[in-house]
Amino acid sequence: MPMATYEYRCLDCGRFEVHLPIGTAAAVFACPACDHPARRVFSAPYLSRVPSAVAAALTREEQSREAPEVVTSVPLQRRRRQPPHPALSRLPRP
């Protein structure tokens, strides 16, 4: 079963984290240090674990969703023409 990290704040001891199955966190949890009730704190998810290349790709995708890049002209084709293969010159011509 997938586990999630939930954060709680005890008035006496401060913040602490609890690992529970997803969707099973209660609004109040007993503090592990003093056993007093602690309220659940909603904090930002741990997004810093995403590799930088993935984060950059997600940012570009989000930006293109709201304001896509508009092309006003056909891009120039800068392909170098490759010389024909030497064996092609020896083929019979019609």
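What you see below is based on every heavy atom in this structure, not just the backbone, and it leaves out hydrogens, waters and symmetry mates. Start at 1 with the first residue, then count along the sequence.
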Quick check: closest heavy atoms across [X] and [Y], and the distance to 0.1 Å?
X   : Y   : result
C10 : H36 : SG-CB, 4.5 Å
Y6  : P21 : OH-O, 3.8 Å
Y8  : L20 : OH-CD1, 4.5 Å
V71 : S73 : CG1-O, 3.0 Å

Between F16 and F29, how do the two ring planes meet: parallel, tilted or perpendicular, split at 30° and 60°? tilted

Between CZ of R39 and CZ of R9, what distance do you get to the nearest 0.5 Å? 8.5 Å

First locate atom CE of M3, then atom CD1 of I22, and finally report the distance between them rounded to the nearest 0.5 Å. 9.5 Å

